[in-house]
Amino acid sequence: MSKSEYVIVGSNVAAVGAIDGIRKHDKKSSILTISFESLGSYSKAMLAEYIEGANAQWLEFRGKDYFKKMGVDCLFGRKVTGLDSDKSILTTDNGEEISYKKLLLGVGGVPFKPVIKGAEGKELVFTFTDLLDAEKIREALPRFNSAVVIGAGFTGTEIAYTLNKLNKKVTVVELGDRVLVKALDPRSSEIAQSLMHGEGIEFYLNDTVEEISGNKEITGVSLKSGKVIPCQAVITAIGVIPNGELIKNTPVKFDRGLDVDDYMCTNVPNVYGAGDVVKALDITDGLKRSLPLWPLAFQQGLVAGKNMAGGRYPYAGGLPINSLKFLKVPILSAGITTPPDASYEVIYVSDPKGTFYRSLVLKEGRLKGFVTIGEIDGAGVLTGLIRNKIDISGIKTKLLNKKKVGLMQMPREWRNRIFTRRDETDYHD
Amino acid sequence: MKKVIIIEDYCIACYNCEVACVATHSRSQDPVKSYKREGLRGKTNAVVEVESPLAFSSMCRHCKHPWCMDACISGAIQRLDNGIVYLDEERCVGCWGCVVGCPYGAAHPNLAGKDKHAFKCDLCIKRLDAGLNPACVEACPNNALLYDETIEEREEVHK
Ligand SMILES: Cc1cc2nc3c(=O)[nH]c(=O)nc-3n(C[C@H](O)[C@H](O)[C@H](O)COP(=O)(O)OP(=O)(O)OC[C@H]3O[C@@H](n4cnc5c(N)ncnc54)[C@H](O)[C@@H]3O)c2cc1C
Ligand code: SF4
Ligand code: SF4
């Protein structure tokens with residue numbers, strides 16, 4: 001049996017955050033990271049670039065030598081299949097046992113797959129959540145000219161956009177009544193949809209794929225509404241759900257996501273969680289939910305790592321931030337963009353040409369979320385206002401100006417602290 | 001670490017810092033050529049904001065915990081050993097994560113240019129290596145920008 005002080009299941013961004021965090025406090029102890037994928041740590045957010053032809057190495061966001069530089073042992077291409085949290089032992093798919101003192105589960109999410117009649121046995125049916133998926137899609141590119149994408153969320157719109165760019169005829173089918181519902185408000189959803197439609201992508205909203213027809217080769221899909229769309233490939237991209245496979249039949253608490261406390265520790269001492277697998281605290285409303293986003297996975301990993309190494313850093317919650325990175329007109333958003341009830345106030349501007357849009361969601365004078373389209377320079381200042389819970393009642397209309405959002409609008413005292421005083425950003429938020 | 005300290009009461013909105021920043025990050029190193037021939041207008045890491053009578057120039061704070069880096073999906077943003085938060089424009093894929101992540105609005109999108117990438121202050125890393133101050137600091141005629149320890153760090157030293 002091999003042994004390691006710290007074992008991290010998963011080698012992606014949550015793991016990288018944790019390694020950074022552990023090494024801030026503990027330069028010496030052994031760390032082992034395990035991933036069933038062959039490429040250690042890579043950017044899932046860049047999978048579209050891979051499909052377009054980028055080199056897989058280009059996706060290694062910390063470079064080839066990261067693990068070595070940090071003094072971390074790697075076990076890549078091995079799946080962890082068992083966890084005995086009483087004995088602190090993991091088993092891998094080749095029967096090897098590994099014991100740990102501290103364990104981090106950074107196992108991410110698994111694609112949510114609806115049951116669709118006729119999906120089995122077809123060659124060109126894909127998901128889009130990891131490198132293997134992207135490899136399959138990339139390899140299959142010469143074999144299809146048209147595709148139906150199920151889901152108009154982040155990954156759905158991203159793969160739709162990418163395939164469209166590669167000259168495929170793309171149709172997106174979405175059960176909800178608008179696109180990108182998690183990141184955008186109804187008005188900006190419409191703008192995003194019309195931008196994508198302008199590039200040639202078709203949308204069917206309030207509808208869903210009931211059946212995929214054809215034998216081995218797909219001939220088309222039929223929708224709930226009765227509509228039939230001819231196509232040669234289908235990509236389900238409805239999103240990911242926390243990956244609970246490994247902790248089935250263990251005492252580790254999991255309820256549609258790993259339950260973690262303020263220190264990213266599960267109910268089992270010495271077992272931590274971070275990234276897409278956990279239900280994380282959302283600072284905008286103080287609720288815990290699955291927030292599968294890159295920056296949050298990193299931050300949670302960092303906090304978990306520091307605590308695993310004996311620190312005591314509470315995770316003060318994450319702020320969801322989104323960028324529709326593939327669009328020609330940039331769209332950024334953060335926090336709550338569609339108010340859940342009447343206690344929120346929404347103000348917005350929109351120029352008739354549709355090239356500029358900004359909406360702010362406030363509660364009790366404080367910014368809770370925003371969307372900005374077209375003008376994005378300085379948008380992070382709005383993010384800072386949400387994080388710092390600054391009262392913006394007096395300046396809110398100024399923040400709707402088409403001009404770059406700047407620090408000029410901030411309270412002078414706050415601004416001068418940033419300009420002249422100690423760095424206050426060391427992770428606490 | 002030393003950073004650019006911003007004294008807003010001293011800024012006279014002369015924009016010298018912006019010009020110096022553009023020039024020093026250009027191929028020609030020349031203010032006129034960099035604007036006219038290299039098309040670098042607007043590609044300044046130090047940005048002057050004016051709402052008369054108030055004005056100041058602001059740029060990256062080189063945070064100990066860089067929010068921009070957390071959000072960087074390509075690894076283009078790294079915190080170097082000397083504390084400088086460096087954005088490698090070659091690696092950047094223009095996802096604008098840093099733009100929406102930086103609470104000070106100090107990571108900027110290059111929207112005008114052909115290249116879709118973000119850019120931000122590198123504290124004039126090349127000038128520092130040569131023993132010079134950052135270009136904006138050098139160019140400021142009224143000491144509104146200083147290259148120094150932060151005020152709190154300085155007070156601690158003198159205590
Ligand atoms: C196509 C796509 C685009 C995206 N774009 C963005 C974006 O633009 N912005 C953004 O904020 N977020 C984006 N995301 C989300 C972001 O990539 C995730 O939030 C992030 O990758 C989560 O990191 P993680 O480390 O928690 O999990 P993952 O990245 O999912 O990594 C999980 C790790 O666990 C390993 N693993 C799992 N189970 C086992 C096991 N049993 N044994 C061994 N190893 C195991 C995997 O091999 C992997 O190393 C995107 C996601 C996708 C799929
Ligand atoms: S760009 Fe912003 S977040 Fe990044 S180091 Fe500079 S000030 Fe900090
Ligand atoms: S725009 Fe570039 S530097 Fe900024 S987060 Fe995205 S990849 Fe990183």
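Just so it is clear, the values below take in all heavy atoms, side chains as well, and ignore hydrogens, waters and symmetry mates. Letters A, B, ... mirror the listed sequences (proteins, then strands); counts begin at 1.
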Please flag which part of [X] lies under 4.5 Å from any non-hydrogen atom of chain A: side chain, backbone, both or neither.
X	value
B/Val47	side chain
B/Ala107	backbone
B/Cys72	backbone

Just verifying a value: how many Å separate [X] [atom1] and [Y] [atom2], rounded to the nearest 0.5 Å?
X	Y	atom1	atom2	answer
B/Ser74	A/Arg62	OG	CZ	11.0 Å
A/Phe61	B/Arg91	CZ	CZ	10.0 Å
A/Arg387	B/Trp67	CZ	CH2	4.0 Å

Tell me if a side-chain donor or acceptor on A/Ser323 pairs with a main-chain N or O of B/Cys95 at a distance below 3.5 Å.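 Checked: pair present.
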Engaged part of [X] at the chain B interface, taking heavy atoms whose separation is under 4.5 Å:
X	answer
A/Glu60	backbone
A/Phe370	side chain
A/Leu332	side chain
A/Thr372	neither

Looking only at non-hydrogen atoms, find the nearest pair between B/Ala71 and A/Pro295 and report the distance.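 That would be CA-CG, 3.8 Å.
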So which residues of residues 5-42 of chain B are in contact with chain A at a heavy-atom cut-off of under 4.5 Å?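 Hits under 4.5 Å: B/Ile5, B/Ile6, B/Ile7, B/Glu8, B/Asp9.
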Shorter than 4.5 Å, heavy atoms on both sides: which option in B/Cys102, B/Ala118, B/Ala106 has the most such pairs with chain A?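 When all of B/Cys102, B/Ala118, B/Ala106 are compared, B/Cys102 has the most.
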Would you check if [X] and [Y] make a side-chain contact, meaning some heavy-atom pair closer than 4.5 Å?
X	Y	answer
B/Leu111	A/Ile376	yes
B/Ile73	A/Lys44	no
A/Leu407	B/Tyr104	yes
B/Val93	A/Lys325	no

A/Asn416 and B/Phe56: side chain to side chain contact (heavy atoms under 4.5 Å, CB included), yes or no, with the steps? CA-CA 11 Å; A/Asn416 278 299; B/Phe56 55 78; over 6 Å; no
Would you mind checking if B/Glu49 and A/Arg415 are paired as a salt bridge, meaning a charged N to carboxylate O distance below 4.0 Å?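 Salt bridge absent between A/Arg415 and B/Glu49.
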Decide side chain to side chain contact (heavy atoms under 4.5 Å, CB included) for B/Trp96 and A/Asp377; before the verdict, give the C-alpha distance in whole Å, the side-chain angles of both, and the deciding distance to 0.1 Å. CA-CA 9 Å; B/Trp96 315 140; A/Asp377 200 7; over 6 Å; no
